[in-house]
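Proteins get letters first, then strands, A, B, ... in listed order; numbering begins at 1 in each. Note that the structure is predicted; figures quoted are calculated from it, not measured.
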Amino acid sequence: MSISTKSLGLHLGLLAVLFVLQFVLPAYHHGNIARIMVLASYAIGFNILFGYTGLLSLGHALFFAAGMYGMGLVVNQFGLPPFSALLVGLLVGGLVALALGLLALRTEGVAFMIVTLMFAQAGYLTVLYFGEYTRGDEGFVIQQAERVMWGIDLSDPTNRYFAALVIFGVSLLVTLKLVQTPFGKVLIAIRENEERARMLGYDVFLHKLAAVVLSGVISAFAGASYGLLFGYVGASFASVQYSIFPLLWVLLGGAGTVLGPFVGTLFMFYLIDLSSGITSAYMLIAGVTLVALTLFAPQGFVGELRKRVWRWLP
Amino acid sequence: MEFGPYLMLASLEGAVTAAVLALTAVGLSLVFGVMRVVNVAHGEFFMLGAVLAWWIAGLVGGNPAIGFALAIVFVPLLVGAVAVLVDVTILKRIDYDPERTIVATIGILYIIQQVTLMTYGPEARPVEAPFNTRLALPWFEFSDGRPQMYWPWGLSTTSYKLGVIGAAVAVLIGVWVLMARTKIGLVMRATQLDREMALAFGIPVEKVYALVFGLGAGLAALAAVLIVPIQQAHYLMGHDPLLLSFIVVIIGGLGSLPGTVLAAVLIGLSDGVISVFFSPTLAKILATLLVALVLVFRPQGLFGARRA
């Protein structure tokens, strides 16, 4: 079996398992997995920039929230149907990513991290400032009647699960395809050695910009879908915490691996879920995990797996 | 109140903010300058300082001045020790890699914050000021063609606020003396200029790093002890100082101490004045955008010299 068939088989296998799980999972975990799949799509978007291009953004909540509010506000204010609203969310996310990329890519390293952090903070504050429309911290609910797409009621758990599976599947397969295209290979080359990629004649800036926009659009897709599937849009999704989460998930699962974001999200979601039953200081777990990861396993789960067992893992 | 006295009141409040901000930001700037790492957990060292000040003040009891005096001596040392521990156990082991350090310090931020939540709790608690006399301030007005002094209602400050400003100035002079006039300062500056060369000349660079990290955290803690009688101690209070210190350090030029102090005074004062005229959220939006754009278009900071 060639490597690309093997990896395609593995990823389709994961989607098949998730499909079957829908019929056997108890209600509580059923809802959780739907949530995890959408959040994992967000992590996949983050991973394109961080894992494959080597750019660490500390402001991805800006894109997630741009998609979510782009979708939510047009539904709430103008009563657009869900699918058009989803497209508006994607468009807003893409434009925000383009603007941020044009500015932030003039810096590199630590300055890039701080610039993205600052822009995301400004975005979060903007959401609070326009509280008249966004309802600030409180957020707003998207009514069940507005969540019916093509006659499918997305608030129904089964439909929601399948919609989340579709969103996750699209994001996963897009990334899998991406890393096999020449464009994806150039991104990896930039991560490994930016100077050399430049010397070889690639336009590094354009490639990075495209990566920012693609990453932003996938994150916005996840954000808009999250709002649509779970019917709630709130300022907490724009806060620093939601910029740190995808970093945590991707580092845990393995940066620069296609499966890593899902593994990391799944693990962290249940870790926080279990610990929040014991203490209200559940973010402690996130902190300890971050420190432990930087110290002992910078490659993450899937990264270690690739290093030790399956060297062909994309 | 008329505009003049109102502006004076706003600037006085701004001066207190500026004093505390300068201490916190100099700590962050020192760490960035010498070690070339960004410490995202800096705000939590600030918060830890405030919470420990409350704890020590409560431990002693009696005259509030005794508890406060003990806090101002021991809290920076305690927080500094925590920071040294963090440096030795975590940062040293990842070899001060700039990006991994940011990720690790984000982790430390959550650890310190959440452990405080578990032990100290979610309440905001005050510390009593050691002295707190209300001082009315005069204002001048022209009537009959000559200035006359009067005391407008509401224009006042407290002796403690003036004390905070004085203490901050004294500490900043102390830091300057330490950096410019002592052997330790010389060693720190040598490490900042060229780590490899310093190592080759037998400077124990790792010890210098631990010391600088401890000193930076200690300054943040000291700033927190000074402010905690005015602003209560709370487990989430580290967020704003972190953001403001970032802004100050970037505007002042990364790693430049005089620039940092100048920027702190500028931003502390304008924060007070801007908040009077605009909504505080809008002021914050403009400030964060300004910082991001400064980093994009003028990475050496507004006051920093362009590096050759």
Side-chain angles (χ1 to χ4, degrees), chain A residues 50 54-56 58-59 100 102-131 136 239-241 243-245 247-248 250-251 255 275 278-296 298, chain B residues 32 36-38 40-41 44 86 89-94 97-119 121-122 235 239 242-243 246-247 249-250 254 278-297 299-300:
Chain A
F50 174 57
L55 290 168
L56 175 46
L58 291 180
L100 183 118
L102 283 173
L103 287 171
L105 285 175
R106 295 170 58 106
T107 63
E108 49 191 14
V110 170
F112 181 81
M113 298 160 80
I114 298 176
V115 167
T116 47
L117 183 71
M118 288 292 168
F119 275 119
Q121 183 67 21
Y124 170 63
L125 292 169
T126 308
V127 168
L128 295 186
Y129 186 66
F130 289 101
S239 65
V240 184
Q241 202 163 324
S243 293
I244 304 301
F245 275 142
L247 170 67
L248 188 62
V250 167
L251 273 178
S275 56
I278 303 166
T279 163
S280 59
Y282 60 89
M283 281 304 285
L284 179 64
I285 308 291
V288 173
T289 316
L290 271 178
V291 173
L293 277 170
T294 37
L295 278 180
F296 306 114
Chain B
F32 182 83
R36 298 275 143 206
V37 297
V38 175
V40 186
E44 302 313 308
V86 165
T89 51
I90 300 168
L91 300 187
K92 193 172 123 186
R93 295 193 46 188
I94 56 175
D97 176 82
E99 303 203 342
R100 286 173 71 191
T101 300
I102 289 192
V103 177
T105 49
I106 291 173
I108 295 160
L109 180 160
Y110 283 122
I111 293 176
I112 296 180
Q113 186 190 82
Q114 300 292 317
V115 167
T116 309
L117 174 62
M118 286 164 79
T119 51
Y235 83 104
H239 193 233
L242 175 70
L243 201 66
F246 260 129
I247 293 174
V249 169
I250 289 165
L254 290 170
F278 298 101
S279 101
T281 314
L282 187 62
K284 269 194 203 163
I285 295 177
L286 293 178
T288 38
L289 281 181
L290 175 72
V291 170
L293 293 175
V294 164
L295 255 182
V296 169
F297 293 106
Q300 71 274 31

Chain A interface, residue from B:Ile106, B:Asp97, B:Leu289 that has the most non-hydrogen pairs under 4.5 Å: B:Ile106
Hey, does A:Thr116 have a side-chain heavy atom less than 4.5 Å from the side chain of A:Leu55? no
Heavy-atom pairs under 4.5 Å with chain A: which of B:Leu109, B:Ile111, B:Ile94 has the most? B:Ile111
Honestly, the part of A:Leu103 sitting under 4.5 Å from a heavy atom of chain B is both
Sub-4.5 Å side-chain heavy-atom contact between B:Val103 and A:Leu56: yes
Contacts of A:Ala120 meeting side chain to side chain contact (heavy atoms under 4.5 Å, CB included) (sequence neighbours excluded), chain-then-number -> A:Leu62, A:Ser243
Could you check whether any side-chain heavy atom of B:Phe297 comes within less than 4.5 Å of a side-chain heavy atom of A:Arg106, counting everything from C-beta outward? yes
Checking B:Leu117 against chain A: side chain, backbone, both or neither under 4.5 Å from a heavy atom? side chain
With a 4.5 Å cut-off on side-chain heavy atoms, are A:Met118 and B:Leu243 touching? yes
Counting only heavy atoms closer than 4.5 Å, note whether A:Thr126 contacts chain B via side chain, backbone, both or neither. both
Report, one line per pair, each donor and acceptor closer than 3.5 Å where one atom sits in a side chain of residues 289-296 of chain A; sequence neighbours left out.
unit_1: A:Thr289; atom_1: OG1; unit_2: A:Ile285; atom_2: O; d: 2.5
unit_1: A:Thr294; atom_1: OG1; unit_2: A:Leu290; atom_2: O; d: 3.0
unit_1: A:Thr294; atom_1: OG1; unit_2: A:Val291; atom_2: O; d: 2.8

Segment of B:Val38 engaging chain A (4.5 angstrom heavy-atom cut-off): side chain
Given a strict heavy-atom distance threshold of 4.5 Å, which part of A:Leu58 is in contact with chain B: side chain, backbone, both, or neither? side chain
